[in-house]
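Notes for the one structure printed next.
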Amino acid sequence: VQLVESGGGLVQPGGTPRLSCTASGFAFNYYSLGWFRQAPGKEREGVACHSRSGTSNYADSVKGRFTISRDNGKNTVYLQLDDLKPEDTAVYFCAAASALYCSLDPVQYSYWGQGTQVTVPS
């Protein structure tokens, strides 16, 4: 099983990068997917998730600015980040859970990527 994130980097405030996470080694379309982030000295927090049923859920802090989507044909989940702020600076992880409905609780997730750094200077 492998999840590989890409698309991070140094982004100016208000920037609009898109993170990608490509998976292999499991039945991608049967899994719910999530994006999480962890800032220095803070706990990992759920940002967005996409259920295998098709529904999505977002943390209040990113609602209206971030959009999660998936392409089952490419085994890839995306996170579009809009209107970035310095407080969005973190390592962003994608994860997969064998559940019908997704959650922003990291405990639900079995498989994790290695993370990609997003830095938004103040």
Next item on the list: If the plane angle is over 60° it's perpendicular, under 30° parallel, otherwise tilted; pick one for Tyr111 and Phe26.
Entry: tilted

Notebook entry, point to check: Taking the six-membered ring for Trp, are Trp112 and Phe93 parallel (under 30°), tilted (30 to 60°) or perpendicular (over 60°)?
Noted result: perpendicular

Are [X] and [Y] close enough that some pair of their side-chain heavy atoms sits under 4.5 Å apart?
X: Leu19; Y: Val118; value: yes
X: Trp35; Y: Val77; value: yes
X: Leu33; Y: Phe28; value: yes
X: Pro13; Y: Leu84; value: no
X: Arg37; Y: Glu45; value: yes
X: Asp82; Y: Phe66; value: no
X: Ser51; Y: Leu100; value: no

As an exercise, state the distance from [atom1] of [X] to [atom2] of [Y], rounded to the nearest 0.5 Å.
X: Ser69; Y: His50; atom1: OG; atom2: NE2; result: 7.0 Å
X: Ser6; Y: Tyr92; atom1: OG; atom2: OH; result: 15.0 Å
X: Cys49; Y: Leu79; atom1: SG; atom2: CG; result: 11.5 Å
X: Ser103; Y: Asn57; atom1: OG; atom2: CG; result: 8.0 Å
X: Arg52; Y: Ser98; atom1: CZ; atom2: OG; result: 8.0 Å
X: Cys94; Y: Ile68; atom1: SG; atom2: CD1; result: 9.5 Å

Note to self: Ser110: which residues meet the side chain to side chain contact (heavy atoms under 4.5 Å, CB included) condition with it, sequence neighbours left out?
What the structure shows: none

Using a 3.5 Å distance criterion without hydrogens, assess whether the side chain of [X] forms a donor-acceptor pair with backbone atoms of [Y].
X: Gln38; Y: Gly115; value: no
X: Gln2; Y: Ala23; value: no
X: Asp105; Y: Gln108; value: no

Margin query: Show, in sequence, the C-alpha distance, side-chain angles and deciding distance for Thr89 and Glu87, and conclude whether the side-chain hydrogen bond (donor to acceptor under 3.5 Å, both in side chains) test is met.
Written below: CA-CA 5 Å; Thr89 294; Glu87 52 264 41; over 6 Å; no

Item checked: Pair Asp88 + Lys85, salt bridge at N-O below 4.0 Å -> no

Next item on the list: Please answer: with hydrophobic residues joined when any side-chain heavy atoms are less than 4.5 Å apart, are Leu81 and Tyr58 in the same cluster?
Entry: yes

Next item on the list: Sorted by first residue and then second, give each side chain to side chain donor-acceptor pair (under 3.5 Å) pair with at least one member in residues 8-34; sequence neighbours left out.
Entry: Thr22-Thr76

Margin query: Looking at Lys42, I'd like to know if its NZ atom is crowded, meaning that more than 12 non-hydrogen atoms belonging to other residues, nucleotides or ligands lie closer than 6.0 Å.
Written below: no

